[in-house]
Student: 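Take this structure, written in structure tokens, and hold onto it; I'll ask about it next.
Values below: all heavy atoms of this structure, side chains included; hydrogens, waters and symmetry mates excluded. In this text, all values refer to a predicted model and were calculated from it rather than measured experimentally.
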Amino acid sequence: MRPVRHGGPGAGHRESAPGATQGWTPREPGGPGGGNGSGGSGGDGGDGTPAAAPDPKGKKGKKGKRPKRTGWRRLIPTWRMVLGGFILLVLLVVGAFMTGYFLVEIPPANKMATRQSNVYTYADGTVLARDGEVNRENVPLSKVPKRVQHAVLAAEDRDFYSESAVDPKAMLRAAWNTLTGKGKQSGSTITQQYVKNYYLDQDQTVTRKAKEFFIAIKLDREVSKDDILQGYLNTSYFGRSAYGVQAAAQAYYGKNVDDLTTAQGAYLATLVNSPNAYDVATHPENKSRALARWNYVLDGMVKEGWLDKAEREKITFPMPKQATGAPSLSGQRGYVVKAIENYLFEHKIVDEDTFSKGGYRITTTLQKPKQDAFVKAVEEQVMSKVDKKARKIDRNLRVGGASVDPATGEVVAMYGGIDYTKQFMNNATRRDYQVGSTFKPFVFTSAVENGSTTQDGRPITPNTVYDGDNRRPVQGWAGGSYAPANEDDVNYGDISVREATDKSVNSVYAQMAVDVGSDKVKETAVALGVPEKTPDLTASPSIALGPSTASVLDMTEAYATLANHGKHGTYTLVEKITKDGQDIALPERKTSSAVSREAADTTTSILQSVVRSGTGREALAAGRPAAGKTGTAENDKAAWFAGYTPDLATVVAIMGADPETAAQTPLYGALGETRINGGGYPAKVWAQFTKDALEGKPVKEFDLELEPGSQEPVAPDPSQSAGEPEDGDEGDASDEPSDGPTGDDGDATDGGATDGGPTGGQDDDGGRSQGGQSQGPTGGGQDDGGRSQGQTQGPTGGQDDGATDGSTGDGGASEGDTAGDGGGDGGTVGTGALGGLTTGPGGRGRGD
């Protein structure tokens with residue numbers, strides 16, 4: 001018998017060759033020729049196919065197929081896929097580059113030289129202004145001093161001569177930021193910027209950036225670096241409608257480019273980055289930013305070896321000259337144009353470079369009748385009284401004003417100055433003059449909004465009594481000693497918040513700022529509309545006295561919020577803007593609750609008192625219910641009146657500025673006055689403008705919802721004035737007299753309790769000019785200086801003998817009251833609601 005080979009079912013079988021050893025050879029299970037149906041060594045593979053021949057070297061046969069990847073491993077690309085993808089990407093990029101390079105041609109110069117005008121209209125469509133003039137003068141690079149060339153390179157592209165035409169990394173970053181809506185981005189080389197200026201438009205699109213990329217590469221291969229730099233210097237925009245470095249040298253320094261100093265060249269280089277932001281003559285509030293950029297340029301020149309360090313240390317900032325407007329922008333037109341440009345740029349509606357190309361039509365919110373009324377009011381109330389020959393100080397006088405509709409936030413009128421071609425600075429938008437006591441209402445608003453109390457726990461209302469003494473140190477302030485002076489160093493003694501507002505008492509409001517928390521006061525002011533970054537808007541007790549330098553327009557916005565019962569709508573100057581018939585998107589108009597209605601309305605109530613019987617009585621000439629506040633900057637460099645009716649919020653400021661240096665100056669002696677006060681000419685302008693602007697409209701009363709305890713004390717009934725006072729009723733603090741209902745000046749003729757009383761007896765500056773308040777609670781005058789006789793005179797009685805000869809009369813001192821002369825010299829009051837108040841001759845006490 002022969003041995004049987006076990007190859008499994010179907011195993012093959014063949015005769016052995018002669019001489020071969022018979023038998024069988026074991027196989028690895030599942031291996032080649034194994035006995036699992038795959039065939040043995042001497043048979044086929046079990047499926048009729050021949051089995052693999054044995055490896056003569058004894059090695060195993062070929063392996064089978066690679067196992068398939070399963071599960072999550074299928075998601076991971078193999079190295080073959082990665083390599084293939086990378087190669088494909090490179091080919092695509094190279095192909096795209098070659099395609100773009102050959103397809104994009106260097107175009108002819110753009111039509112910048114024949115740019116369109118931007119057209120500005122009033123709200124009714126009437127054309128207000130056009131700004132189509134272009135100031136340009138090309139110069140060869142040889143005329144531009146190396147110091148100026150190096151300054152520009154230090155500012156914009158320090159590796160210009162050694163680098164390639166493009167910076168791909170910066171390009172990708174800029175394109176990504178544009179796609180993701182992060183606004184205008186740069187990072188371009190000077191070559192790219194030149195291409196944008198000379199060949200393309202300013203649109204921030206991926207298509208334009210792609211064209212810029214290829215044109216820059218081609219241009220760099222065809223022209224020299226010097227040619228590119230020359231073109232760049234002649235096409236860059238420097239502000240003030242100046243295109244090119246030669247025009248800029250004339251616009252800012254009144255000289256040719258080859259006469260510029262290193263310092264001046266560095267300043268012009270600073271402007272290329274953002275002309276509107278760094279023009280320190282037009283925007284003094286931005287000087288710190290401009291200085292930082294200017295220093296960056298000079299330091300870069302030192303770093304690159306273009307400027308000696310010792311020379312750098314000697315260089316001082318070269319203040320540019322005041323700008324002059326184009327004749328086409330004379331009168332108020334230029335101020336409006338610049339204000340709108342600032343509005344568009346600040347709100348990122350359109351960028352500066354793009355807008356400078358022109359072609360836009362801007363419909364403003366200004367209403368022509370109101371604009372004309374503002375110009376007329378300033379001319380008749382102020383400018384007609386200027387006499388530059390008789391009074392040199394009158395040359396320094398500047399006026400700014402703005403008016404806002406509280407319901408919409410629209411700026412309906414704006415006064416920037418006498419003439420844009422004569423006074424380039426817009427006095428309505430500049431942020432470099434202190435607002436003074438026009439800030440005080442924000443302190444009180446914050447007190448009501450935050451439910452604040454005095455140091456001894458009393459709620460702060462219009463009737464809360466404070467110590468109004470001069471230089472009284474504030475209590476509760478951990479930041480050091482602070483004891484502000486009142487105007488003319490007047491001591492007011494115990495005084496209510498309402499009357500302290502009438503007289504603008506510094507000591508009261510500094511203490512109130514501490515009681516409320518100066519940080520909360522700042523928050524409230526910002527919520528009302530004062531910009532958070534306003535210079536000197538610092539959280540300290542002094543914030544109450546108005547050292548911050550908000551603009552007239554800023555303050556108008558904040559007062560409009562009070563007029564609108566605490567609802568704040570950000571002001572707007574632009575109703576609509578289009579280009580080539582297409583609307584440009586404007587910021588969505590939003591109205592938010594800045595403070596509660598109770599806080600805003602209670603503030604309005606005390607500001608009504610300022611107009612009726614305080615420092616703002618000139619505003620009564622508007623013939624409408626009004627609320628307002630006067631203010632004066634330090635050293636009388638500016639005087640303000642900020643006020644509103646239910647329909648209109650308006651702020652007027654008179655400022656002092658040297659016409660040659662633009663330095664702020666006091667206004668002592670201007671217009672023939674000893675001093676210019678907010679209650680004088682600014683209030684007069686306000687009254688005339690408001691009267692004319694609202695002519696023909698129904699008179700509206702304020703609809704107020706007041707803080708509890710804020711109601712004005714009721715004046716005594718005149719029918720009860722005859723006879724002796726109640727037991728012990730001698731007009732002491734428990735019987736605080738009220739503000740006179742008529743708000744007259746309280747002079748010697750009208751100075752009874754009815755016609756001005758204790759708060760009405762003051763001059764325009766808030767001082768007490770009528771001899772104190774020694775009358776009893778029923779308000780009668782003093783017959784012979786004695787209290788008992790005074791009661792019989794009734795509410796309209798003036799001070800009989802006290803007003804005419806200043807004597808104490810028959811019984812003058814019997815009650816411990818010393819009556820003054822009743823005229824302008826004031827007097828001393830020993831008792832009464834405000835006992836201890838002392839005024840001197842013509843006392844001012846406005847605290848502005």
Side-chain angles (χ1 to χ4, degrees), residues 120 122-123 126 128-129 282 325 329-343 364-386 394 396-405 410-433 435 438 550-557 559-560 571-573 618-619 622 628 631 638-645 648-657 667 670-671 676 678 680-695:
Y120 303 79
Y122 287 106
T126 305
L128 191 159
T282 305
L329 298 179
S330 61
Q332 297 301 305
R333 293 190 291 270
Y335 300 123
V336 172
V337 166
K338 297 306 293 184
I340 289 175
E341 285 183 1
N342 292 339
Y343 178 84
T364 74
T365 58
L366 300 178
Q367 299 176 16
K368 193 174 188 305
K370 291 182 174 64
Q371 184 73 8
D372 293 343
F374 221 136
V375 174
K376 180 182 178 184
V378 174
E379 175 60 34
E380 294 183 357
Q381 294 295 336
V382 179
M383 303 314 300
S384 64
K385 299 174 177 59
V386 169
D394 281 9
N396 297 13
L397 193 140
R398 305 285 186 268
V399 181
S403 189
V404 171
D405 183 338
E410 294 179 349
V411 181
V412 297
M414 182 174 65
Y415 185 91
I418 185 173
D419 190 316
Y420 182 73
T421 62
K422 299 176 181 178
Q423 296 177 5
F424 187 79
M425 182 74 71
N426 188 336
N427 297 315
T429 58
R430 64 190 302 168
R431 291 187 175 119
D432 58 338
Y433 279 87
V435 301
T438 56
S551 72
V552 168
L553 188 54
D554 295 334
M555 295 300 286
T556 309
E557 180 180 347
Y559 271 73
Y571 83 87
T572 179
L573 274 162
E618 288 288 355
W640 299 65
F641 184 79
Y644 51 94
T645 69
L648 205 58
T650 305
V651 176
V652 180
I654 295 181
M655 310 162 183
L667 288 169
L671 303 176
I676 301 295
Y681 287 105
K684 291 177 181 179
V685 172
W686 186 95
Q688 179 175 329
F689 165 73
T690 301
K691 180 179 181 180
D692 293 347
L694 297 178
E695 184 177 5

Student: Please tell me if the side chains of Thr650 and Phe374 come closer than 4.5 Å, counting only heavy atoms from C-beta onward.
Tutor: yes

Student: Mind checking whether Thr421 and Leu329 have side chains closer than 4.5 Å, heavy atoms only?
Tutor: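 Answer no - side chains too far apart.
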
Student: Using side chain to side chain donor-acceptor pair (under 3.5 Å), reason through Thr572 and Tyr343 one step at a time and then give a plain yes or no.
Tutor: CA-CA 8 Å; Thr572 179; Tyr343 178 84; 3.1 Å; yes

Student: Any heavy-atom pair between the side chains of Val651 and Thr438 that's under 4.5 Å?
Tutor: no

Student: Phe641 and ring-ring contact (aromatic ring centres under 6.0 Å, His included): which partner among Tyr681, Trp686, Phe689?
Tutor: Trp686

Student: Could you tell me whether Lys385 atom NZ has more than 12 heavy atoms of other residues or ligands within 6.0 Å of it?
Tutor: yes

Student: Got a second to check how far Leu671's CG is from Ile676's CD1, nearest 0.5 Å?
Tutor: 4.5 Å

Student: Measure across Met555 and Trp640 and return the closest heavy-atom pair with its distance rounded to 0.1 Å.
Tutor: CG-CZ3, 4.0 Å

Student: Rounded to the nearest 0.5 Å, what separates atom CD in Glu410 from atom OG1 in Thr364?
Tutor: 9.5 Å

Student: Do you know the tightest heavy-atom contact between Gln367 and Tyr122?
Tutor: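 In this case the closest contact between Gln367 and Tyr122 is C-CD2, 4.3 Å.
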
Student: Which heavy atom of Ser551 sits nearest to which heavy atom of Thr429, and what is that distance?
Tutor: CB-O, 3.4 Å

Student: Return the minimal non-hydrogen interatomic distance between Ala683 and Glu618, and the atom names on each side.
Tutor: CB-CB, 3.7 Å

Student: Do Leu648 and Val412 have side chains that approach each other closer than 4.5 Å (heavy atoms only, starting at C-beta)?
Tutor: yes

Student: State whether Glu379 and Lys376 are salt-bridged, where the test is any N-O pair (Lys NZ or Arg NE/NH1/NH2 against Asp/Glu carboxylate O) under 4.0 Å.
Tutor: no

Student: Using side-chain heavy atoms (C-beta onward) and a distance below 4.5 Å, is Leu397 in contact with Met383?
Tutor: yes

Student: I need the Arg430 CZ to Leu553 CG distance, nearest 0.5 Å.
Tutor: 14.5 Å

